[in-house]
Amino acid sequence: MKRHASRVLVALLLLGCVLGGLPALALNGGLGEVPQDLDRTSPRAAAQGFLDAVHRGEYARAAHYLYLDHLPAAEQPAQGAQLARKLKFVLDRKLSVDTSILPKTPEGESASSRFVSLGGIPLKGDTIPIRLQRISVDGTPTWVLAESTVKMVDPLFEEYGPLLTETLPSVFFDRTVLGLELWQWLGLAVTLLSAWILSYLIEKLLLAAALRVARWTRISWDDQLVNAGRGPLRLPFFAILLALGTSFLLLPPKLKLLSDRVSYSLIIIAVAWFILRFLRVSEAYVQSRVTSETGSHPRARSLRTQLAVLRAVFEVATYVIAAALLLMQFEVVRNVGVSLLASAGIAGLAVGLAAQKSLATLLAGIQLSITQPVSIGDNVLVEGEFGTVEEITLTYVVLRIWDQRRMVIPIQQFLDKPFQNWSKGSPEMMGTVILQVDYMADIDALRAELDRILMNEGKALWDGRVKTLVVFDVMDKTLTLRALVSAADSGKLGDLRFLVRERLVLFIRARPQWLPTVRSESRAAVAPASRDTQDAAQGAPEPRA
């Protein structure tokens, strides 16, 4: 009995030695080598990387963001890609993940926490948590979608996934073009075509029914009004059918947002289009009635003039309000759209001619919002003041100065006078540092010191593009040196210029002979010439006879 126990103990020791000598299995070993640019070092990076990969159709790459060790290694490539694809549809339909609020540090929310929640999805009376899990791979924290989440992908997909993809041939969802699978492109084409045909048929039926009702009356205005709806009436139905059709295609968030904005824009355009036709039909009808009753009476001519002016005013108001509603869809110009909508009152239009300057300011604000020579957040130099654009309205721009003061600038200033926009185009900038040194200064040594400063103290500020030091000007007693450096943005450039100026001054101060000095020169005295010599030199006059 003792001999048998000793044999078991020896076998266990040998097995432990063998297993101890084997390397630890890597995460998702069946997927092969992890791409070098794959970032799973933080919850934010892992979530964003997974969403970017699945929306590009790179499901094999997205599989690396899933915990798949519960699957056999041979099944991980195929199963991982399928699970990533299914989870994409579930998240796009039921859970909007805001990656900006996720932790961007390797330890996550805290050093002791191993999970980060992305949200929850209801499923048959329960809520399925969607979580990221931290795993140590070769001593490095690695974040992937948790095992419990991956195991629930199939039930979630059965509940919220597309209905026809599992019955269609695999060719319809194996490849992705511009973020959409083939079945989605096919469904989008069918949706557009069917929405246009159905909207045309619905418009025809409604107009035919409305025209039959309008013919029961004696006046012709309602008949003309029904005909005015031909065209504008089709767009709202097309927009509604488009929104309903695309909701079944499970489009990615960006395309879904684009589809919603297109539908919303079509409805606004249809309403504005019908209002413009309504104004023209109503004006024509009133003019015809007045003319038939009074002929060419002055009152009739005056009424026609008033109707024309009122129609023009209401048309301008319609255009302004429609443009404002369209602009309010976009975050960049939402403030402009709100200001435009608020300023489109009837009272403001009634005094249009008397308020030419105000209207010019409003038009300047609209022009500024379209051309955008300056945007919110730009660093600008206006009237000798440098600051950041904090607010843009239709009448003024608020500039936040570096010392926290607020400078209110009329909107016309940015259209009539030049100003510097340091954020227009590329944020990269170059700046100078001017120094005065003595003629005895060693220029090459100063260039070497500039290189040392940029490679050491200024390494975090300098972008590595430009570094020069030249003799910029020659004065009668000093040399003017100019150091030119570059940085990624204006904030870093200011700090880099301060640093370079300070370090170069310290370097020159340690060599007093390079500091500017005032020199005085003396020349040897010349003996004065004799009186006769001076007269001869100046041509003395001849004596008289």
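Values below: all heavy atoms of this structure, side chains included; hydrogens, waters and symmetry mates excluded. Because the structure is a prediction, the values reported are computed rather than measured.
In this structure, Thr149 contributes its side chain and Arg131 its backbone to a donor-acceptor pair below 3.5 Å. Panel note: side chain Gln76, backbone Gly30; a donor-acceptor pair is recorded below 3.5 Å. Checked by atom type and distance alone, the side chain of Arg406 pairs as donor or acceptor with a backbone atom of Gln404 at under 3.5 Å. The main-chain N or O of Glu107 is found under 3.5 Å from a side-chain atom of Arg134 such that the two form a donor-acceptor pair. Between the side chain of Trp196 and the backbone N or O of Phe238, no donor-acceptor pair lies under 3.5 Å. Not a single donor-acceptor pair under 3.5 Å links the side chain of Arg61 to the backbone N or O of Val34. For Ser265 (side chain) and Arg261 (main-chain N/O), a donor-acceptor pair under 3.5 Å exists by modelled atom type. Proximity of a side-chain donor or acceptor of Ser486 to a complementary backbone N or O of Val466 within less than 3.5 Å is detected. For Asp69 (side chain) and Asn28 (main-chain N/O), a donor-acceptor pair under 3.5 Å exists by modelled atom type.
Side-chain contact check for Met152 versus Leu123: some heavy-atom pair is nearer than 4.5 Å. Residues Tyr59 and Val54 are in side-chain contact: their nearest non-hydrogen atoms beyond the backbone lie under 4.5 Å apart. Using a 4.5 Å heavy-atom cutoff, the side chains of Val150 and His70 are in contact. Residues Leu102 and Val116 are in side-chain contact: their nearest non-hydrogen atoms beyond the backbone lie under 4.5 Å apart. Two residues are said to be in side-chain contact when any heavy atoms from C-beta on lie closer than 4.5 Å; Gln420 and Phe386 fail this criterion. Using a 4.5 Å cut-off on side-chain heavy atoms (C-beta onward), Arg405 and Glu385 make contact.
To the nearest 0.5 Å, atoms CD1 (Ile409) and CG (Leu399) are separated by 5.0 Å. Residue Glu502 holds its CD atom at 9.5 Å from CD1 of Ile453, rounded to the nearest 0.5 Å. The OG1 atom of Thr388 lies 4.0 Å from the CG atom of Asn379; values are rounded to the nearest 0.5 Å. From Leu132, atom CG reaches atom CZ of Phe115 across 10.5 Å, with rounding to the nearest 0.5 Å. Rounding to the nearest 0.5 Å places CG of Leu450 at 8.0 Å from OG1 of Thr468.
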Please determine whether side-chain contact (heavy atoms from CB on, under 4.5 Å) holds for the pair Leu91 and Phe50, giving the CA-CA distance in whole Å, both sets of side-chain angles, and the decisive distance to 0.1 Å. CA-CA 11 Å; Leu91 294 179; Phe50 174 79; 4.1 Å; yes

Taking it one step at a time, do Phe498 and Val433 satisfy side-chain contact (heavy atoms from CB on, under 4.5 Å)? CA-CA 8 Å; Phe498 298 153; Val433 175; over 6 Å; no

Dump the intermediate steps for side-chain contact (heavy atoms from CB on, under 4.5 Å) on Thr41 and Trp143, then the final yes or no.
CA-CA 6 Å; Thr41 57; Trp143 290 88; over 6 Å; no

message = Assess the residue pair Leu461 and Arg497 against the criterion (side-chain contact (heavy atoms from CB on, under 4.5 Å)); give the C-alpha distance rounded to whole Å, side-chain angles, the decisive distance to 0.1 Å, and a yes or no.
response = CA-CA 10 Å; Leu461 302 173; Arg497 291 175 65 192; over 6 Å; no

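Between Asp39 and Arg44 no salt bridge is recorded (no basic side-chain N to carboxylate O distance below 4.0 Å). Under a 4.0 Å N-O distance rule, the pair Arg452/Glu457 qualifies as a salt bridge.
Tested against Leu145, the residues Leu87, Val153, Leu68 include a single side chain to side chain contact (heavy atoms under 4.5 Å, CB included) partner, Leu87.
Phe419 CZ: more than 12 foreign heavy atoms inside a 6.0 Å radius. Applying the 6.0 Å contact sphere to CE of Met430 captures no more than 12 heavy atoms from other residues, nucleotides or ligands.
Using modelled atom types, one finds no donor on one side chain facing an acceptor on the other under 3.5 Å when comparing Thr140 with Asp138.
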